Amino acid sequence: MPLTHVSSGPTADREVGAFDGRMPAAPGDLGIEGHGIEPVPEGNRYGGAGRLFTVWFAPNLTMTGVFTGTVGITLGLDFTTALVAVVLGTLIGAVPTAYLGTWGSRTGAGQLPLAGLAFGRGVVLPGVLQWLSSIAWDALIGLFGGDALARLFGWPFWAGVVVMLLAQGLLGVFGYEAIHRLQIVMTFVLGAAFLLIAWRLLDGVHPAAHGTVHGADRAGAIALTSTVALSLSLSWAPYASDFSRYLPATTSRTRMFWYTLLGLLVSFVVVQTLGLWGASVLTDQTAAGVDELLGGGVVGAFGLLAVALAALCSNAMNDYSGSLALQTIGVRIPRPVAAALAAVLGFPLVLWMHAADTTARFQNVLLFVGYWIPGFVAIVLVDWRARAKERAGAPLDLAAERERRQPAWPALLAFAAAFASAVPFMDTSLYVGPVAEALHGADLSYYVAFLVAAAVYTPLRLRRRG
């Protein structure tokens, strides 16, 4: 039976109201999902682990990933070295995301609501950051999608953005099942589209066989390239169980893990490899640049449509998870309304990025949405493992776990310590930390933040258990 109160947000005794509602009943049930952060009852679960591959594969086939992939070559690495750094970084970021995704079938809950177990009332902080991040990602990806639509149909830029945000917001409103069904179809459509784009973009283009940096500078470039790749795959971690929460509790967690991992790894490596290979011609990192490189005509139009569809796939997930994050911090509005709100708020941010130095503003927003995530992941992982030891083999009972919600201060202290310790290791266009500068540009901030959060939070969590 549904719980009558939700204890994962800032108030322990909230009436269900806006947080409950209609749930999809089976694959293909495309009615509007009114259900919010209340755990999905076992009787309402359906589907199989295989759908996790497509839901994590299609949304990453974006030009954002392609343009991000050019970083390694821009930093002076040769193609092979940069590719190894990309694969390694993507894998490191994808592993915790895939593991967090297995919690959905075990609890029926989304990722931010589950974070309330570790953060207590302090879940407001990561909840706000996740909500703002979902809006930022809307703008980052919607910038390319809206631009592609505008160029494809001859519209003003703002009109293309409006149509893009309306379409993704509508999908976010319809919710879980509509998003899953879209990603199944788009896995094949976008897969074919990016094969065509790769063929036309890379015709006659040769990858960088030799790097231009050596010694410590080369090591720094490798580290930074790997960290950028890691940041992309890890950015999905606060969303992970949102898209597995309707799976039955009996679903194989091993299969869930591997389907998610492969979806993330294959998609991100594919698009970033395309960026690495074609870095010499991907100089105009806009929809217009893609159209020009494809030679215009039917192929160019198809490429622009693929860019727009890819943005739609990704941003629908941003709006959906943003709606759950907004409810988690205690805003009592229905989930569909919250999803639409995220899309609406993305519009002015897109216009701001488009108004001046788009590339610089794009990079700055991208950095903003990522640095808080490693500390968050470390804290929820430590708490989850501690709870497993405390149960001593007993079955997981989410209602019972919520009764043992942790005080806010240990998690918030570890969260703050993680971010503060990462600052000297950051390498951004706005700020280069002294350690990163000493390490020839190597950005190790994600690794440092994760390790510091785990080191600070673990003894505090174990002391509370004792």
Side-chain angles (χ1 to χ4, degrees), residues 7-10 91-107 109-130 133 230-231 233-242 244 253 256-257 260-261 325 328 370-398 400-422 425 444-466:
S7 59
S8 60
L91 179 61
I92 293 173
V95 166
T97 303
Y99 177 66
L100 291 177
T102 65
W103 298 4
S105 67
R106 299 191 68 185
T107 63
Q111 206 68 63
L112 259 294
L114 282 175
L117 297 176
F119 280 84
R121 298 175 188 277
V123 76
V124 169
L125 178 57
V128 168
L129 289 172
Q130 169 63 355
S133 295
L230 182 157
S231 71
S233 54
L234 190 66
S235 69
W236 287 116
Y239 299 60
S241 71
D242 297 356
S244 59
R253 294 196 293 276
M256 291 175 64
F257 175 85
T260 301
L261 183 70
T328 299
Y371 279 126
W372 66 274
I373 296 176
F376 168 83
V377 170
I379 290 165
V380 297
L381 287 176
V382 169
D383 178 73
W384 184 264
R385 299 308 303 169
R387 289 173 184 274
K389 291 182 179 180
E390 291 163 6
R391 291 195 303 273
L396 174 65
D397 181 342
L398 183 57
E401 296 295 343
R402 283 175 158 180
E403 293 298 319
R404 298 190 298 110
R405 189 179 60 175
Q406 295 299 301
W409 70 267
L412 292 178
L413 177 62
F415 193 71
F419 186 84
S421 64
F425 293 86
L444 303 179
S445 56
Y446 276 69
Y447 305 97
V448 171
F450 182 90
L451 293 174
V452 169
V456 172
Y457 184 67
T458 299
L460 296 175
R461 180 62 177 83
L462 295 178
R463 185 176 69 85
R464 293 292 306 176
R465 183 179 68 179

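Keep in mind that what you see is a predicted model, and the values were worked out from it rather than measured.
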message: Just to verify, what does Asp383 make a salt bridge (Lys or Arg N to Asp or Glu O under 4.0 Å) with, not counting sequence neighbours?
response: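 For Asp383 the salt bridge (Lys or Arg N to Asp or Glu O under 4.0 Å) partners, ignoring immediate neighbours, are Arg387, Arg461.
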
Search all heavy atoms of [X] against all heavy atoms of [Y] and return the closest pair with its distance.
X      : Y      : result
Ser105 : Met256 : OG-SD, 3.2 Å
Leu100 : Ala237 : CD1-O, 3.7 Å
Val456 : Ala417 : CG2-CB, 4.2 Å
Ala240 : Gly101 : CB-N, 3.5 Å
Ala118 : Ile379 : CB-CG2, 4.0 Å
Pro374 : Leu234 : CG-CD2, 4.0 Å

Which residues satisfy the side chain to side chain donor-acceptor pair (under 3.5 Å) test with [X], sequence neighbours excluded?
X      : result
Ser445 : Asp443
Ser241 : Gln111
Tyr239 : Asn318

Is a side-chain donor or acceptor of [X] paired with a backbone partner of [Y] at a separation under 3.5 angstrom?
X      : Y      : value
Thr328 : Gly127 : no
Thr97  : Ser233 : yes
Thr458 : Ala455 : no

query: Without hydrogens or angle criteria, can the side chains of Trp236 and Thr260 be said to hold a donor-acceptor pair below 3.5 Å?
result: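 There is no such pair between these side chains.
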
Can you sort out the partners of [X] under side chain to side chain contact (heavy atoms under 4.5 Å, CB included), two or more places apart, ordered by chain and number?
X      : answer
Ala408 : Leu412
Leu396 : Arg106, Thr107, Trp384, Arg391, Glu401
Tyr447 : Ile92, Ser226, Thr227, Leu230, Leu444
Leu451 : none

field: Partners passing ring pair (Phe, Tyr, Trp, His ring centres under 6.0 Å) against Phe425 (at least two apart in sequence or in another chain)
entry: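 Partners of Phe425 by the ring pair (Phe, Tyr, Trp, His ring centres under 6.0 Å) criterion come out as none, since no residue qualifies.
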
message: With side-chain contact (heavy atoms from CB on, under 4.5 Å) as the criterion, how do Val380 and Leu117 come out once you've worked through the C-alpha distance, each side chain's angles and the decisive distance to 0.1 Å?
response: CA-CA 8 Å; Val380 297; Leu117 297 176; over 6 Å; no

task: Please step through side-chain contact (heavy atoms from CB on, under 4.5 Å) for the pair Tyr99 and Leu381, ending with a clear verdict.
output: CA-CA 9 Å; Tyr99 177 66; Leu381 287 176; 3.4 Å; yes

query: Between atom OG of Ser133 and atom CD1 of Ile373, what is the distance when rounded to the nearest 0.5 Å?
result: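 Ser133 atom OG to Ile373 atom CD1 measures 6.0 Å (nearest 0.5 Å).
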
field: Derivation and outcome, side-chain contact (heavy atoms from CB on, under 4.5 Å), residues Trp372 and Gln130
entry: CA-CA 9 Å; Trp372 66 274; Gln130 169 63 355; 3.6 Å; yes

task: Begin with the C-alpha distance, continue with both residues' side-chain angles, and end with the deciding distance and a verdict on side-chain contact (heavy atoms from CB on, under 4.5 Å) for Leu398 and Leu114.
output: CA-CA 9 Å; Leu398 183 57; Leu114 282 175; 3.9 Å; yes

- request: Apply the side-chain contact (heavy atoms from CB on, under 4.5 Å) test between Pro410 and each candidate in Phe415, Tyr457, Phe119; give the one that qualifies.
  value: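 So, applying the side-chain contact (heavy atoms from CB on, under 4.5 Å) to Pro410 and each of Phe415, Tyr457, Phe119, only Tyr457 qualifies.
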
query: Side-chain contact, heavy-atom cut-off 4.5 Å: Phe419 with Val452?
result: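 Result no, sub-4.5 Å side-chain heavy-atom pair not found.
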
